[in-house]
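Working notes for the structure below.
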Number of protein chains: 2
Amino acid sequence: MENKKRLKLAKEVLSDPRNPKEEVQALQDTIYVIGGKWKLPIINSICNGNKRFREIERSIPGITTRMLSRELREMEANLIIKRTVTDTIPVVVEYSPTEYCYTFGDIILEMIKWGKEHRERIKKDLSSEL
Amino acid sequence: MENKKRLKLAKEVLSDPRNPKEEVQALQDTIYVIGGKWKLPIINSICNGNKRFREIERSIPGITTRMLSRELREMEANLIIKRTVTDTIPVVVEYSPTEYCYTFGDIILEMIKWGKEHRERIKKDLSSEL
DNA sequence: GTAACCAGTATAACAGAGTATACCAACATG
DNA sequence: CATGTTGGTATACTCTGTTATACTGGTTAC
């Protein structure tokens, strides 16, 4: 058992090509940053060209002004988006993506893909149940 | 303004190549299924070959037995994983991925990629601040 | 025989994510 | 002049995900 343990440890630390420890941490980091119900939909909306507060709000089913306001503030602080106020009359507030914002693109794309396939699967399951 | 509205509506419904409405919904569906702190790390762990309860637990920093127990039960019910009990003495409980489980692979991969790059960025930012 | 490992369950409590509803000032629209 | 839009804030509440701590019954190693 002593030997087994030592063997396992060596295996773990040295020869594993996809270092699991590093990957779990990376995964958990990502979840920490984009966790919650709203951040990714908001990023998606803004990257899709929505700029105004109400516009973004309308583009995300179920979100409340309060949550949108909170998340936007937080994401601006974290440099994920930029908030611009014009000095026209009336003032116009616009949100725009930063470069950092686009780094989430691939994740969002994969999640959209999964979501679409998920719907397909459910449709098929329902129709085959008849 | 009447015309503007009608134009916008038509544009929205017809000619948009990446139908935003469908995509937001797909995105929100996905978040609904894999939302929370633990589901993806657990899926990742099991897909990486971890089978035993304590093994999975040890592979995910910060998780408690309670959360792992709950999530495993839920994910078994949703057919994301399979739970097998042998009738040996002592009994051995093993968790294994279903095919469905692997459909999250691309999402997890992208999130691991993002997490790693995120660490790199932070490292660079810190070193450039000196 | 005692310490440790396995696969969890029990209980209690908390923090904060999320909801609901109302409200505001400034401006535009008809 | 009434109604609607914009960009939010205020208040209060719920809910549940998450944590913390302890415990169980069986097995195995030293």
Can you check whether A:S69 has a side-chain N or O nearer than 4.0 Å to OP1 or OP2 of D:dT9?
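It does, given that an N or O in the side chain of A:S69 lies less than 4.0 Å from OP1 or OP2 of D:dT9.
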Any A:Y95 side-chain nitrogen or oxygen under 4.0 Å from OP1 or OP2 of D:dT6: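 The answer is no; no side-chain N or O of A:Y95 sits under 4.0 Å from OP1 or OP2.
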For the student: nearest non-hydrogen atoms of A:I31 and B:P41, plus distance
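Of all heavy-atom pairs spanning A:I31 and B:P41, the closest is CD1-CD, 3.6 Å.
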Over all atoms of both residues, closest heavy-atom pair of B:I63 and B:E57: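 Heavy atoms of B:I63 and B:E57 come nearest at CG2-O, 3.7 Å.
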- Query: For the atom pair CG (A:L68) and CZ (A:R73), what is the distance rounded to the nearest 0.5 Å?
  - Reply: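 Rounded to the nearest 0.5 Å, the CG-CZ separation comes out at 10.5 Å.
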Within this structure, what is the CD1-CD1 distance for the pair A:I112 and B:I107, rounded to the nearest 0.5 Å?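 It comes to 10.5 Å.
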Worksheet item: Base, sugar-phosphate, or nothing for B:I89, non-hydrogen atoms under 4.0 angstrom?
Response: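 It contacts sugar-phosphate atoms only.
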Tell me the interatomic distance from [X], atom [atom1], to [N], atom [atom2], rounded to whole angstroms.
X: A:Q28; N: D:dT18; atom1: CD; atom2: C1'; result: 14 Å
X: A:E57; N: D:dG4; atom1: CD; atom2: C1'; result: 15 Å
X: B:R58; N: C:dG8; atom1: CZ; atom2: P; result: 14 Å
X: A:F53; N: C:dC24; atom1: CZ; atom2: C1'; result: 14 Å
X: A:L68; N: C:dA17; atom1: CG; atom2: P; result: 16 Å
X: A:R73; N: D:dA10; atom1: CZ; atom2: P; result: 9 Å
X: B:K51; N: C:dC6; atom1: NZ; atom2: P; result: 16 Å
X: A:I31; N: D:dG17; atom1: CD1; atom2: P; result: 15 Å

Fill in: Nucleotide nearest B:R83 when distance is taken to its side chain, options C:dA28, D:dT9, C:dG8
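Looking only at heavy atoms from C-beta outward on B:R83, the closest nucleotide is C:dG8.
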Of all pairs that satisfy side chain to side chain donor-acceptor pair (under 3.5 Å), the ones with a partner from residues 34-45 of chain A, not counting sequence neighbours: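 For residues 34-45 of chain A: A:K39-A:E71, A:S45-A:N50, A:S45-A:S59.
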Should the ring pair B:W114 and A:F104 be called parallel, tilted or perpendicular, given that the plane angle runs from 0 to 90° and is split at 30 and 60?
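If you compare the ring of B:W114 with that of A:F104, the planes turn out parallel.
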Below 3.5 Å between N/O atoms, which protein atoms pair up with nucleotides 18-20 of chain C? Just atom names and distances, please.
| unit_1 | atom_1 | unit_2 | atom_2 | d |
| --- | --- | --- | --- | --- |
| C:dG18 | OP1 | A:K37 | N | 2.9 |
| C:dT19 | OP1 | A:K37 | NZ | 3.2 |
| C:dT19 | O4 | A:R66 | NH1 | 2.9 |

Q.
Take a 6.0 Å sphere around CG of B:L126 and say whether it holds more than 12 heavy atoms from other residues, nucleotides or ligands.
A.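 Atom CG in B:L126 is crowded, with more than 12 foreign heavy atoms closer than 6.0 Å.
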